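For the numbers below, each heavy atom of this structure counts, side chains included, while hydrogens, waters and symmetry mates do not. This one's a predicted model, so the numbers in the text were calculated from it and none came from an experiment. Here, residue 1 is the first one in the sequence, and each next residue gets the next number.
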Amino acid sequence: MKIKSLVLIGCLLSVSLGSVATTPVYLDNNAPLEDRVEDALSRMTLEEKVALCHAIGKFASSGVPRLGIKEIWMSDGPHGVRQEINFNNWGAAGWTIDSVTAFPALTALAATWNPMLSELYGKSLGEEALYREKDVMLGPGVNIYRTPLNGRNFEYMGEDPYLASVMVAPYVDGMQSNGVAACVKHYALNNQEKWRGSTDVHLSDRALYEIYLPAFKSAVDAGVWSVMGSYNKYNGQHACHNERLLMDILKGEWGFDGVVITDWGGAHDTKEAALNGLDIEMGSYTNGLTTEGEGFTYNDYYLAAPYLAMLKSGEVPMSTIDDKARRVLRLIFRTSMNSNKGFGSLTTPEHYEAAKAIGDEAIVLMKNDKVGKEPLLPISTQGKGKILVVGDNAVRLLNEGGGSSELKARDMVTPLQAMKDTYGDRVEFAQGYMAGRSMYNREEIIPQNIQDSLRNQAVEMAKEAEIVVLFGGLNKNGFQDTESTDRKEYGLPFSQPELIEALTAVNPNVVLVLLSGNAVEMPWINKVPAILQGWYLGTMGGASLASVISGEVNPSGKLPFSFPVKLTDNGAHYYGEASYPGIDQSQEYMEDIFVGYRWHDTKKIPALFPFGHGLSYTTFSYGKPVVSSSKMSADGSITVTVPVTNTGNVEGKEVVQLYIQDVKSSLPRPIKELKGFEKISLKPGETTNVVFNITPNDLKFFEPESHQWIAEPGDFKALIGTSSTDIKTTVPFKFV
């Protein structure tokens with residue numbers, strides 16, 4: 001068990017004859033934060049300042065023991081607090097008190113399109129981190145979904161910078177309300193896992209500012225206390241000490257006052273780290289998951305003894321260490337030495353309820369054709385016929401594997417258990433396919449005869465079932481949805497396409513539930529009447545899935561990324577190897593600003609399922625919009641009000657989406673860009689007015705020559721709909 005630094009009595013009191021003992025300002029939790037920082041800094045030696053800048057354990061960085069200033073304890077986990085790792089090696093500590101709530105993956109959170117749930121997510125996870133005595137949670141991740149092969153997409157918030165920006169801010173607020181720092185990652189351009197430590201990314205400034213940076217800026221604007229650098233290079237320089245990303249943009253243009261932390265092993269050069277804005281170095285000489293080189297100590301880190309030597313020799317200025325120490329002290333006083341924070345809580349009913357609520361709203365009904373007179377979903381609990389549950393993912397614990405996001409969950413409700421709880425003895429099970437063990441950076445190949453045998457068994461059972469529910473998709477194995485490797489193929493793995501073909505050949509009533517953090521190829525789609533995108537939903541995942549399948553919950557999730565028909569329909573893959581994965585570990589983002597639906601729209605390459613898509617068990621109609629003015633000035637705004645009615649028979653939630661189109665511009669622009677959304681809940685027959693306020697900022701694009709965001713006078717359109725392609729109403733207006 002770790003031992004935290006003690007605040008020594010001698011550090012608390014200053015005693016002299018005839019005087020009253022006083023508390024140093026830095027130890028006064030009620031003093032202004034900057035006064036505490038400056039007071040502590042003035043008392044520190046150079047060696048103590050440098051010690052703040054590097055790890056002292058696998059997930060700990062130093063405080064100032066002589067002054068009673070506590071160290072910082074960090075934990076992996078954008079979706080839950082990682083199990084306790086040994087202080088000085090990567091083995092599990094073997095605790096019995098570190099089991100946690102597994103919350104839905106962040107791709108699922110983005111699919112809720114519900115900022116209130118994002119705040120609940122951050123708050124709940126922050127409470128678990130606080131209980132586990134963690135000061136920094138290494139998340140959320142907001143890298144843009146550029147390619148469906150990226151193994152780490154499940155940790156991020158989709159393809160659209162506006163959606164990710166809106167969803168990340170309340171997560172940060174909720175997390176940090178506990179006195180636990182969010183650490184938004186991976187800054188920046190970590191859009192693939194293949195060659196992640198050495199890929200050199202080149203892209204236009206427009207793409208950088210319009211697509212890949214906005215969510216990070218939103219987190220900074222929300223007051224995030226720490227940022228994690230990424231492994232890759234940008235324009236020839238590693239991101240964890242990249243002058244442009246860290247000094248010019250993050251700490252310069254955006255005024256970030258927090259701490260930049262490396263990804264584990266992300267530092268590569270002492271002088272660059274000293275000069276270019278890195279504050280805390282973690283995990284050097286390790287990939288973050290395996291052991292470091294023999295004989296290498298924490299004092300050998302780039303920002304340890306080598307940095308101290310450079311400071312003493314004058315090779316780097318003292319101002320660099322004072323800035324780093326100020327930032328680290330600021331983080332310490334916000335977190336580990338914040339006596340106003342609470343005690344937290346772990347695996348509570350409230351946290352399970354939060355996980356269930358997020359999962360309920362994350363599930364996307366992608367397809368629901370009629371079989372006979374009615375859509376296949378929902379499946380009534382009052383029926384009598386057999387329900388055959390098929391699939392490895394019906395029983396697999398999807399909290400296991402995936403790299404640093406792996407969780408030791410106290411409870412995991414599997415889909416099979418939840419289906420049995422919902423439908424009783426109507427449920428039978430056949431595995432159907434085998435995916436093998438979860439292994440980091442490796443994959444287990446299952447012999448084809450085993451896959452054939454499992455498929456044949458499922459097909460025979462499907463002949464006798466009224467309905468088949470196949471829980472398929474991906475998992476956290478190597479080369480699936482996992483850190484450190486990208487997917488090898490766009491299609492479903494583990495012989496699932498053959499299984500789908502065989503099941504639909506003997507039973508037309510097949511529901512496919514995709515559990516994944518990525519899009520998949522669907523050449524068999526016309527044979528499957530109902531498809532749910534079920535994500536990785538954590539502890540309460542099975543319960544959420546069964547609630548939607550049964551109709552207890554009306555699905556309301558919307559896709560946070562597009563599903564291309566084939567891989568080359570995706571912008572990152574359209575231009576070949578130079579664009580992904582790169583040539584000689586250098587790549588050009590050749591699709592530029594046209595990522596996701598921006599690409600599909602502009603190139604007129606339809607997606608199989610578009611961004612923002614999601615069906616419901618009810619129906620909604622959109623009335624005639626009312627606009628406050630047909631003209632907008634540079635210092636004004638307009639409102640667009642659209643009535644939305646639930647025209648079906650059950651209560652449901654709808655995400656009303658606002659896109660803006662610039663009819664004519666001096667630089668190429670996407671056909672439309674998301675600039676607003678609102679999630680509403682309506683009873684049958686109920687109508688509500690959704691109001692969007694459109695400002696000049698919603699009309700702007702980044703102009704690289706002037707390095708400014710500009711809105712050009714001219715004609716614009718406000719497009720309101722239920723997805724990027726299902727536009728219900730259009731409102732023209734002028735910007736003057």
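Between L311 and P317 the shortest heavy-atom distance is CD2-O, 3.5 Å. The minimum heavy-atom distance between M282 and T262, with the atom names listed, is N-OG1, 2.8 Å. Residues S99 and T347 share a closest heavy-atom pair of O-CG2, 3.7 Å. In this structure, V100 and D98 approach most closely via the heavy-atom pair CG1-O, 3.5 Å. Here the closest heavy-atom approach between residue R82 and residue S404 is recorded as CD-O, 3.8 Å. Considering every non-hydrogen atom in both V64 and M44, the closest pair reads CG2-CE, 3.8 Å.
Applying the salt bridge (charged side-chain N to carboxylate O under 4.0 Å, His left out) definition to pairs two or more places apart or across chains, those involving residues 245-267 are K251-D279, D257-R334. Within the structure, the ring pair (Phe, Tyr, Trp, His ring centres under 6.0 Å) test picks out the following pairs touching residues 109-146 (sequence neighbours left out): F103-Y121, W113-F611, W113-F677, Y121-Y171, Y145-F561.
Counting only distance, with no hydrogens or angles, the side chain of N153 and the backbone of N143 share no donor-acceptor pair below 3.5 Å. At least one donor-acceptor pair under 3.5 Å links the side chain of D200 to the backbone N or O of N235. Not a single donor-acceptor pair under 3.5 Å links the side chain of T107 to the backbone N or O of M157. K324 places no side-chain N or O within 3.5 Å of a backbone atom of S319 that could act as its donor or acceptor partner. No donor-acceptor distance shorter than 3.5 angstrom exists from the side chain of S61 to the backbone of A55, with no hydrogens or angles considered. Looking at E133, its side chain never comes within 3.5 Å of a backbone N or O of W73 through a donor-acceptor pair. N178 contributes a side-chain N or O that, together with a main-chain N or O of G174, makes up a donor-acceptor pair within less than 3.5 Å.
Between the side chains of E272 and H238, no donor-acceptor pair of N or O atoms lies under 3.5 Å. Side chains of K700 and N697: a donor-acceptor N/O pair is present below 3.5 angstrom, by distance only. Side-chain atoms of Y298 and S284 form no donor-acceptor pair, as typed in the model, at a separation below 3.5 Å. Side-chain polar atoms of H241 and D269 form no donor-acceptor pair below 3.5 angstrom. With no hydrogens or angles considered, no side-chain donor-acceptor pair links N299 and T297 at under 3.5 Å. A donor-acceptor contact under 3.5 angstrom links the side chains of E361 and N114, judged on distance only. For the 3.5 Å distance criterion, the side chains of Y156 and H186 qualify, holding a donor opposite an acceptor.
Looking at T101 and S124, their side chains never come closer than 4.5 Å, going by heavy atoms from C-beta outward. Between E47 and K312, some side-chain heavy-atom pair lies under the 4.5 Å cut-off. Here the side chains of F154 and S405 are in contact, with some heavy-atom distance below 4.5 Å. A 4.5 Å side-chain heavy-atom check between N191 and L189 finds at least one atom pair inside the cut-off. Under the 4.5 Å side-chain criterion, counting only non-hydrogen atoms from C-beta, L130 is in contact with K341. Taking the side chain as every heavy atom from C-beta outward, S484 and R196 approach each other to under 4.5 Å. You'll find the side chain of N86 stays beyond 4.5 Å of the side chain of K58, heavy atoms only. Between I249 and L246 there is no side-chain heavy-atom pair separated by less than 4.5 Å.
The number of heavy atoms from other shown groups lying within 6.0 Å of CE (M116) does not exceed 12. Applying the 6.0 Å contact sphere to NZ of K123 captures no more than 12 heavy atoms from other residues, nucleotides or ligands.
Look at E34 and R330 and you find a salt bridge, because one of the NZ, NE, NH1 or NH2 atoms lies within 4.0 Å of a carboxylate O, short of that distance. Salt-bridge annotation for D205 and R244: present, with a side-chain N of the basic residue lying under 4.0 Å from a carboxylate O of the acidic one. E48 has a carboxylate O that lies under 4.0 Å from a charged side-chain N of R66, or vice versa, which qualifies the two as a salt bridge. Using a cut-off of 4.0 Å between Lys/Arg side-chain N and Asp/Glu carboxylate O, K675 and D698 are scored as not salt-bridged.
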Do Y26 and S42 pass the side chain to side chain donor-acceptor pair (under 3.5 Å) test, and can you show the C-alpha distance, the side-chain angles, and the key distance before you say yes or no? CA-CA 10 Å; Y26 72 89; S42 70; over 6 Å; no
Would E84 and R132 satisfy salt bridge (Lys or Arg N to Asp or Glu O under 4.0 Å), going step by step from the backbone distance to the final call? CA-CA 9 Å; E84 202 66 26; R132 288 274 306 278; 2.9 Å; yes
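By the side chain to side chain contact (heavy atoms under 4.5 Å, CB included) test, I332 is found to be paired with L52, I69, I72, V328, S336, M337, residues two or more places apart in sequence or in another chain being considered. Taking Y212 as the reference, Y589 meet the ring pair (Phe, Tyr, Trp, His ring centres under 6.0 Å) condition, with sequence neighbours excluded. Taking Y234 as the reference, nothing meets the ring pair (Phe, Tyr, Trp, His ring centres under 6.0 Å) condition, with sequence neighbours excluded. Residues passing the ring pair (Phe, Tyr, Trp, His ring centres under 6.0 Å) test with F702 are Y209, H707, W709, sequence neighbours excluded.
Because its NZ or CZ atom is both nearer than 6.0 Å to the ring centre of F333 and within 45° of the ring axis, R36 counts as a cation-pi partner of that residue.
In this structure, F59 has its ring center closer than 6.0 angstrom to the ring center of W90.
When each of I280, V259, L331 is checked for a side chain to side chain contact (heavy atoms under 4.5 Å, CB included) with V136, only L331 meets the rule.
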